[in-house]
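Okay, so here's the structure we're looking at.
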Amino acid sequence: MIVIQLMKRGIVISSALLTFGFLVPTTDFVREVQAETPQKATGETNSEKPLIYQVNEHSYDLFDEVLPAKTEQYIHRNVSSADLLNNFFIKEAVKQSMMKFGTVITEKISGPFEDDILPELEYVLRETTKTFSNEDWEKVKMSNTPSAGLGEKIFHLYNEETGEDIFRFHVRRDQPPKQGYTFNFHYHTYLDQHEKHHTIGNIPWGKDMPPRWNSMIRV
């Protein structure tokens with residue numbers, strides 16, 4: 001009777017983990033479970049209370065006591081968490097961009113920024129992080145202080161453990177001859193050791209010099 005109860009619990013836990021997409025069982029494992037599952041007799045009622053397991057949203061650890069001896073047959077995949085983190089970074093990118101722009105610049109360029117720059121930023125950010133493992137994500141942090149004055153920095157993603165930058169999102173003031181001022185939005189990535197300047201898009205300002213970043217004063 002004790003063996004059957006343990007087997008039932010193992011099946012319930014495995015099913016729950018499969019439902020959340022954390023585990024990918026091998027074919028042999030599925031066959032073993034099917035072969036070992038005790039069959040209910042006709043009219044038999046289940047007197048056991050249902051097992052309820054609480055999932056900690058901040059932890060995706062699989063505890064030893066709910067796993068078989070060989071855990072190499074499982075693959076821990078957490079794609080939904082990567083999506084949530086990328087979505088969070090994009091929302092923070094908007095907040096930090098508006099903070100950097102200041103009141104005056106925001107009033108003029110927030111529309112084209114959200115329509116043209118933001119979708120491209122989201123795409124390149126997901127491309128940069130698409131190969132990250134769960135361990136990599138645990139170390140990713142986001143800066144929260146855009147540079148003021150004439151500095152280019154909007155935000156950086158970096159490895160908290162090593163301090164190395166992963167992704168840098170910047171904006172530069174350009175003044176092409178006879179074309180007025182333009183804001184050039186671009187990024188640098190660890191994939192090429194931050195050597196290349198990757199343009200996301202440009203937003204024209206006009207002939208008059210724009211205010212300094214993070215300024216609330218009209219000029």
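Note: hydrogens, waters and symmetry copies are ignored here, and every other heavy atom, side chains too, is used. Predicted model, so just to flag it, every value in this text is computed and none were measured. Heads up: numbering here begins at 1 and tracks the sequence.
- Not one N or O on the side chain of T199 forms a donor-acceptor pair closer than 3.5 Å with the backbone of G201.
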*So F101 and F113, ring pair (Phe, Tyr, Trp, His ring centres under 6.0 Å) or not? Walk me through it.*
CA-CA 11 Å; F101 297 163; F113 174 79; 5.4 Å; yes
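- F169 and M99 fall into different hydrophobic clusters, defined by Ile, Leu, Val, Met, Phe, Trp and Tyr side-chain heavy atoms under 4.5 Å apart, directly or through other members.
- Within the 4.5 Å cutoff, no side-chain heavy atoms of Y123 are placed close to those of P119.
- No side-chain heavy atom of N202 sits less than 4.5 Å from a side-chain heavy atom of F185.
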Extract all donor-acceptor atom pairs below 3.5 Å that involve side chains of residues 84-96 and protein atoms in other chains or at least two apart in sequence.
{"from": "N86", "atom 1": "OD1", "to": "T129", "atom 2": "OG1", "distance (Å)": "3.4"}
{"from": "N86", "atom 1": "ND2", "to": "A82", "atom 2": "O", "distance (Å)": "3.3"}
{"from": "N86", "atom 1": "ND2", "to": "T129", "atom 2": "OG1", "distance (Å)": "3.3"}
{"from": "N87", "atom 1": "OD1", "to": "R126", "atom 2": "NH2", "distance (Å)": "2.5"}
{"from": "N87", "atom 1": "ND2", "to": "D83", "atom 2": "O", "distance (Å)": "3.2"}
{"from": "Q96", "atom 1": "NE2", "to": "S143", "atom 2": "O", "distance (Å)": "2.8"}

_side chain to side chain contact (heavy atoms under 4.5 Å, CB included) assessment of M98 paired with S110_ = CA-CA 8 Å; M98 300 307 161; S110 61; 4.0 Å; yes
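- The shortest side-chain heavy-atom distance between D192 and H198 falls under the 4.5 Å cut-off.
- Annotation for K100 and I154: closest pair CD-CG1, 3.5 Å, computed over non-hydrogen atoms.
- Around CD of E161, the count of heavy atoms belonging to other residues, nucleotides or ligands within 6.0 Å does not exceed 12.
- For the residue pair D174 and R172, the shortest heavy atom distance occurs at OD1-NE, 2.7 Å.
- Listed here is the closest heavy atom pair of H186 and N184: ND1-OD1, 3.0 Å.
- The shortest side-chain heavy-atom distance between F183 and P210 falls under the 4.5 Å cut-off.
- The minimum heavy-atom distance linking F155 with L121 is given by the pair CE2-CD2, 4.3 Å.
- Side-chain atoms of I117 and I109, non-hydrogen and from C-beta on, never get closer than 4.5 Å to each other.
- Side-chain contact check for D165 and H188: no donor-acceptor pair (N or O, by modelled atom type) lies under 3.5 Å.
- Residues I105 and W205 meet the side-chain proximity criterion, which asks for heavy atoms closer than 4.5 Å.
- With a 4.5 Å cut-off on side-chain heavy atoms, V140 and I166 count as touching.
- Under the 3.5 Å distance criterion, with hydrogens and angles disregarded, a donor-acceptor pair is assigned to the side chains of H170 and H156.
- A heavy-atom distance below 4.5 Å is found between the side chains of W213 and R173.
- Taking CG from N159 and NZ from K139, the interatomic distance works out to 6.0 Å, rounded to the nearest 0.5 Å.
- Under the 30°/60° scheme for interplanar angles, the aromatic rings of F132 and Y190 are found to be tilted.
- Between K141 atom NZ and Y158 atom OH the span is 7.5 Å, to the nearest 0.5 Å.
- Checking side-chain atoms of D136 against main-chain N and O of S133 turns up a donor-acceptor pair under 3.5 Å.
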